Structure formats: C-alpha cells, structure tokens
Amino acid sequence: DRRCHNPILCEAALDRDRPVLVQIVVTRRCNLACGYCYEYDKVSKPVPLGELKARVDALSNLQAVFVPLNGGEPLLHPHIAELVRYIAEAGMVPMINTNGHVLKSPLIRRLNEAGLFGMQLSCDSLEDNEVTEKSMRRLRPKLELLRQHAQFRVRVNGVLGSGNPAEMEEVAKAVVGFGFGFQCSLMR
C-alpha cells in the first residue's frame, strides 16, 4: 500500500520550500563530557525561553513539521516542558534528543502532559569507558521509568566506535526488551 497515511507529512515531503525537520539547540550545557562529542560545555546558560519561543514562532511560519530539541543536554533547560507544549500548540511535532541521565518520573509526566511526541536517548556501551558515560548500566533505570510512565515514543541510539562493538548487540537486545526502538550510528 503506497498511499500516504499522514497527509501533513505527505504535503510537507512534496513541498520543496517547507522544512520537514528543524533542530533547536536549547542549551550547550551538558552533564556529561563524552570523548567524541563537541556539542557541549559546562558553563553556558540555557537559551532564554522567550528567545526559544520566537524561534518556534518562526518555524511555525515556515510550516516546519518535526522540531527536535537538542543540546548539550536539553533536559537541563529549566523550561523544557513549557517549550515542548509551545511547539505542540503551534501545530508542530516536538521531540527531544537526550542522554536521559536526569530523567525522573515527574519530568516524564510533565513531558507527557506537554505533548512530547518522541524521545531519543543515547546509549553507547554496556559499561562506562574512557570515551563515553552513556552506558546501559546508567540508562537501564531510566528506561524502566520510561516504560512505566512515558506516553510518547522512545528510541535509543547507539554510537559505534565509542565502545566495544560486540556490546552494541547486547545494548540493542536490552532496549528492545524494554519495548523501545533501537538504531545505531557511527562515531563522528
């Protein structure tokens, strides 16, 4: 069946002037310092909410569809749930890319209520190593919280090259065991 089941996406895909996906960096601050990442620091303040809302308004005028929120670590932004709600109310699809380390039940519930569509978490190895702290050991309790509380889609991305490649299959099995999607990318 080749019919389009989501008219908004089909319309956006056929419109050469309409952005389908636009990422917004909400903070450069991160709670980790992974060896392969260059998109963080330990000192930057979050982008002010008013400025972020102005960016969302501009994206709404362009009729953007998907708006992933990135960082640093976007969950460190003090108004992340409010920003997610603002994106959803503007008719766009809010998403978050995160390491997940700061996830707690109340934050997951606020993101549910705000209308988050999807969250992508990073997990690169079974255990921490000299390149990454994004390990299944650290992420497992957060995945359990997400399984219990998240009403949005959850996917985990593993980065090949930041740990033992043989571990990635075990990471994938663990993620799928929680009922979440898994994908893999190469270290940049």
Side-chain angles (χ1 to χ4, degrees), residues 5-6 8-9 20-27 30-37 39-40 64-77 80-85 87-88 92-129 131-188:
H5 297 286
N6 186 322
I8 293 171
L9 284 179
V20 175
L21 183 141
V22 180
Q23 299 179 26
I24 297 177
V25 174
V26 300
T27 184
C30 189
N31 52 334
L32 303 180
C34 299
Y36 63 87
C37 183
E39 298 174 0
Y40 75 94
V65 180
F66 295 102
V67 182
L69 303 174
N70 296 331
E73 174 47 56
L75 296 181
L76 293 177
H77 196 287
I80 194 68
E82 185 177 345
L83 182 59
V84 165
R85 179 180 313 283
I87 292 166
M92 294 175 287
V93 181
M95 300 161 67
I96 293 178
N97 294 316
T98 176
N99 63 44
H101 287 218
V102 299
L103 281 171
K104 292 187 168 62
S105 300
L107 176 57
I108 296 169
R109 285 194 287 275
R110 286 196 315 272
L111 293 171
N112 286 335
E113 293 164 5
L116 184 66
F117 174 79
M119 177 179 285
Q120 179 170 282
L121 298 105
S122 298
C123 184
D124 302 333
S125 61
L126 291 173
E127 296 291 332
D128 292 3
N129 61 46
V131 178
T132 184
E133 299 174 51
K134 296 187 287 187
S135 65
M136 182 53 68
R137 180 181 58 77
R138 290 180 186 246
L139 191 59
R140 188 177 303 278
K142 305 307 181 177
L143 293 175
E144 184 58 43
L145 283 174
L146 288 164
R147 178 167 53 186
Q148 292 172 13
H149 302 289
Q151 297 170 358
F152 44 83
R153 289 172 171 80
V154 175
R155 178 174 67 187
V156 174
N157 181 65
V159 176
L160 280 174
S162 58
N164 180 342
E167 290 182 8
M168 199 54 66
E169 185 175 352
E170 294 305 313
V171 169
K173 285 178 184 176
V175 169
V176 171
F178 278 99
F180 301 136
F182 180 81
Q183 73 175 29
C184 213
S185 56
L186 297 174
M187 186 186 320
R188 326 175 239 170

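Computed over heavy atoms, backbone and side chain alike; hydrogens, waters and symmetry mates excluded. Note that the coordinates shown come from a computational prediction; the quantities given were computed from them, not determined experimentally.
Considering CZ of R85 and CG of L111, their distance stands at 10.0 Å, rounded to 0.5 Å. Rounded to the nearest 0.5 angstrom, F180 CZ and Q120 CD are separated by 13.5 Å.
No side-chain heavy atom of D124 sits less than 4.5 Å from a side-chain heavy atom of N129. Two residues are said to be in side-chain contact when any heavy atoms from C-beta on lie closer than 4.5 Å; K173 and F182 fail this criterion. Between L83 and H77 the shortest side-chain heavy-atom distance does not fall below 4.5 Å.
Heavy atoms from other residues, nucleotides or ligands lying under 6.0 Å from CD of Q183 number more than 12. Within a 6.0 Å sphere centred on CZ of R109, other residues, nucleotides and ligands contribute more than 12 heavy atoms.
Using a cut-off of 4.0 Å between Lys/Arg side-chain N and Asp/Glu carboxylate O, R110 and E113 are scored as not salt-bridged. A salt bridge links E144 to R147: one of the charged nitrogens lies within less than 4.0 Å of a carboxylate oxygen.
Considering all non-hydrogen atoms of both residues, A81 and A114 come closest at O-CB, 3.3 Å. P68 and V22 get closest at one heavy-atom pair: CD-O, 3.3 Å. Shortest non-hydrogen contact noted between L160 and C184 is CG-SG, 3.5 Å. Between F117 and F152, the shortest heavy-atom contact is O-CB, 3.4 Å. Minimum interatomic distance between S122 and L139 (heavy atoms only, all atoms of both residues): O-CD2, 3.9 Å. Here the shortest heavy-atom pairing between V171 and C123 reads CG1-SG, 3.8 Å.
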Could you give the side-chain donor-acceptor pairs of residues 93-108 under 3.5 Å, partners two or more places apart or in another chain?
unit_1	atom_1	unit_2	atom_2	d
N97	ND2	N70	OD1	2.5
T98	OG1	E73	OE1	3.1
T98	OG1	E73	OE2	2.6
T98	OG1	G100	N	2.8
N99	OD1	H101	N	2.9
N99	ND2	N31	OD1	2.9
N99	ND2	E73	OE1	3.1
S105	OG	H149	NE2	3.2

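Under the rule for a salt bridge (Lys or Arg N to Asp or Glu O under 4.0 Å), the partners of R138 that lie at least two apart in sequence or sit in another chain are D128, E133. Shown here are the salt bridge (Lys or Arg N to Asp or Glu O under 4.0 Å) partners of E127, two or more places apart in sequence or in another chain: R137.
Between the side chain of E167 and the backbone N or O of L126, at least one donor-acceptor pair lies under 3.5 Å.
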